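Some notes on the structure that comes next.
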Amino acid sequence: MDKAGDCFVLYTRQGEYRSKQVIVAIGPFQKPNILEFSKFLSNEVLPLHSSEYECPFQLLL
């Protein structure tokens with residue numbers, strides 16, 4: 001995946017997908033765990049555990 005212009009682009013064998021936002025979900029949700037590498041991500045990326053999620057407006061940057 002790379003960031004092209006104002007959207008993310010995912011290239012697959014079935015074609016290309018574009019999105020302005022991407023959600024990456026990993027692991028079990030019972031115990032909050034924000035991965036260490038998230039501190040190296042851009043400020044445009046919001047590390048958020050599902051227990052903190054309240055509404056879609058939280059995801060707007």
Side-chain angles (χ1 to χ4, degrees):
M1 190 176 336
D2 62 26
K3 191 167 182 177
D6 65 344
C7 69
F8 291 92
V9 182
L10 174 66
Y11 301 97
T12 72
R13 292 181 188 156
Q14 286 76 36
E16 189 176 288
Y17 298 91
R18 294 177 178 269
S19 176
K20 289 190 177 194
Q21 296 182 349
V22 175
I23 296 174
V24 178
I26 59 167
F29 65 89
Q30 293 85 352
K31 182 179 177 189
N33 182 23
I34 303 295
L35 298 179
E36 274 296 306
F37 78 85
S38 68
K39 64 183 167 188
F40 300 107
L41 299 173
S42 162
N43 290 336
E44 295 178 0
V45 177
L46 172 66
L48 181 72
H49 186 266
S50 60
S51 65
E52 299 172 296
Y53 178 79
E54 296 172 4
C55 69
F57 298 109
Q58 283 178 283
L59 305 178
L60 299 176
L61 300 174

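Source: prediction; values computed, not measured.
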**Request:** Would you check if Tyr17 and Thr12 make a side-chain contact, meaning some heavy-atom pair closer than 4.5 Å?
**Result:** yes
**Request:** State whether the number of non-hydrogen atoms from other residues, nucleotides or ligands found under 6.0 Å of Glu16 atom CD is greater than 12.
**Result:**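 Enclosed.
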**Prompt:** Which atoms form the tightest heavy-atom contact between Arg18 and Cys7, and what is the distance?
**Reply:** NH1-SG, 3.6 Å
**Donor-acceptor pair, side chain of Gln58 and main chain of Glu52, under 3.5 angstrom** =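 Looks like yes, one N/O pair under 3.5 Å.
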